[in-house]
Structures are given as C-alpha cells and as structure tokens.
Amino acid sequence: DQQVKQNSPSLSVQEGRISILNCDYTNSMFDYFLWYKKYPAEGPTFLISISSIKDKNEDGRFTVFLNKSAKHLSLHIVPSQPGDSAVYFCAASIPGAQKLVFGQGTRLTINP
Amino acid sequence: EAQVTQNPRYLITVTGKKLTVTCSQNMNHEYMSWYRQDPGLGLRQIYYSMNVEVTDKGDVPEGYKVSRKEKRNFPLILESPSPNQTSLYFCASRRSGNEKLFFGSGTQLSVL
C-alpha cells in the first residue's frame, strides 16, 4: 500500500527551464511534507518542507506547493541547473507516527 | 562537521552469516532510524529509536535487530541474512519534535 506516490520515475528538463516534480498521497492524516534530494553514492539530503496549514513554501529557486483537497504536492525548481540532476523523494509524516513515508523517487536530469 | 556515519559503505556476504552495520551521529539527536531503499519502493523504515534503550519496529522489521545503548550509536544487526535483504540501507537521525531527518551515506548490502 503505497501511501505516497511519485508516478514519474524520471524527468528530463532543459537547463534554465522550470522543473516540476509531482507527488500524490492517500492518507489525509499526513500533516507535514518534505522533499529530499539524493545524489549517487550519497544519502538523501533535506531540500524543503511544508506544513499542511500552508499551501506554498519558497526557498530560493525551490518552491513547494500543497493542494490538500487533491492530496497533491509539487516541487518547482526555477531556473533548473545541471547540479539539480539527482533523484528527488517526497516524504510525509503523521503526528506521533515517528516515521517519514517516502515516495518511490523521481530521477531528474537537467540537460545543458 | 555535523554528520551521520555508517560503516561499511559496501558489504557482500553469504546467506546466514551474521553481520552488523554501524551508525553513529555527532549531533546529539535523540531520534535515530534505519531505512532500506529498494527500486520502485522508495525508502521504508526498518526500526527506530526515540532515545537510549527505547527502540520500536518500523514497517519492515522482519530479519533485523537494533540496539541503542548510547545516544550516538544505533547499529543494525542481521542475525541470519537472506537474499531478500539485499538492499541499500540508510541510517538517519533528527532532533525530537523536528521532522527533518539527516541521513548517512548509505550501506549497499548484497546477500548471496
């Protein structure tokens, strides 16, 4: 039962353009969402997060949007840079559950 | 430098030969956890620990043991490894009350 789904295994974007990574969830108890970035041979590193009381959070080139009614969040990267090429995981948490539930990941490739 | 350190980075073993993957963090975090990453499944939690001597099962605990005798260390023990435990393992830690996890670099385990 995959409660957090990233339906696009891969995404290819031109350098300088916008990258949009999507994530859907099924459990309405999730109240906090995070995006992690993972390079090969490294562990995931935290990128940006959003609480369920907000619908948008911005940090430099990265913006996360949350649509609670659709149970959908997205990560926008503008402008995309070659160093953004990585696997991106979305994750969600339930208060008191003591774990993050991760999606399957999306491999983003930024082409020069 | 704040970090989560796992060892070894790569391990090849045979079915039934007990092994331990070590994890240590230097951030004085109360919470530590183990995840495994498998293709198409994202990261799934194996075990977690809220503090010293407090551990609990995650989503996929079968075949694994953990201990938390000291705050900084959280080893993962496979008493009798099987091929279905071939995976990429990540240790993570965070401060209590904060959802942001810090991950180690990973241990790639192959059980033949």
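Chain naming here is simple, since letters A, B, ... match the order of the sequence lines and numbering starts at 1 in each. In what follows, every heavy atom counts, from backbone to side chain, and hydrogens, waters and symmetry copies are set aside. Nothing here was measured: the structure is a model prediction, and the numbers come from that model.
- Within the 4.5 Å cutoff, side-chain heavy atoms of E99(B) are placed close to those of L100(A).
- F102(A) and Y64(B) end up in different hydrophobic clusters when Ile, Leu, Val, Met, Phe, Trp and Tyr side chains are linked at under 4.5 Å.
- Each of I20(A) and V4(A) belongs to its own hydrophobic cluster when Ile, Leu, Val, Met, Phe, Trp and Tyr are linked at side-chain heavy-atom distances under 4.5 angstrom.
- The local environment of CZ in R9(B) is crowded, with over 12 non-hydrogen atoms from other residues, nucleotides or ligands closer than 6.0 Å.
- When each of L101(B), D56(B), V4(B) is checked for heavy-atom pairs under 4.5 Å with chain A, L101(B) comes out on top.
- Only the backbone of E42(A) comes within less than 4.5 Å of a heavy atom of chain B; no side-chain atom from C-beta onward does.
- The part of S93(A) that comes within reach of chain B is its side chain, from C-beta onward, which places non-hydrogen atoms under 4.5 angstrom from that chain.
- Residues of residues 26-49 of chain B that come within less than 4.5 angstrom of chain A, heavy atom to heavy atom, are Y31(B), Y35(B), Q37(B), G40(B), L41(B), G42(B), L43(B), Q45(B), Y48(B) in numerical order.
- Against chain A, the residues from residues 74-92 of chain B that qualify, each with a non-hydrogen atom under 4.5 angstrom away, are L88(B), F90(B) in number order.
- Proximity to chain B (any heavy atom under 4.5 Å) is shown, for K5(A), by neither the backbone nor the side chain.
- If you look at F103(B) and F46(A), their ring centroids are not closer than 6.0 Å.
- Under a cut-off of 6.0 angstrom, the local environment of CG in L112(B) is crowded, with over 12 non-hydrogen atoms contributed by other residues, nucleotides or ligands.
- Follow the hydrophobic side-chain contacts under 4.5 Å out from L11(A) and you reach L47(A) in the same cluster.
- The same ILVMFWY cluster, assembled from side-chain heavy atoms under 4.5 Å apart, contains both I77(A) and L73(A).
- To the nearest 0.5 Å, the span separating NZ on K100(B) from CG on L34(A) amounts to 9.5 Å.
- Note on M50(B) and V66(B): separate hydrophobic clusters, where clusters join Ile, Leu, Val, Met, Phe, Trp and Tyr whose side-chain heavy atoms are under 4.5 Å apart, directly or indirectly.
- Contacts from residues 79-89 of chain A to chain B, taken as heavy-atom pairs separated by less than 4.5 Å, involve F89(A) in sequence order.
- Listed by sequence position, the residues of residues 53-72 of chain A in contact with chain B number zero, using a 4.5 angstrom heavy-atom cutoff.
- Heavy atoms closer than 4.5 Å to chain B are found in both the backbone and the side chain of A41(A).
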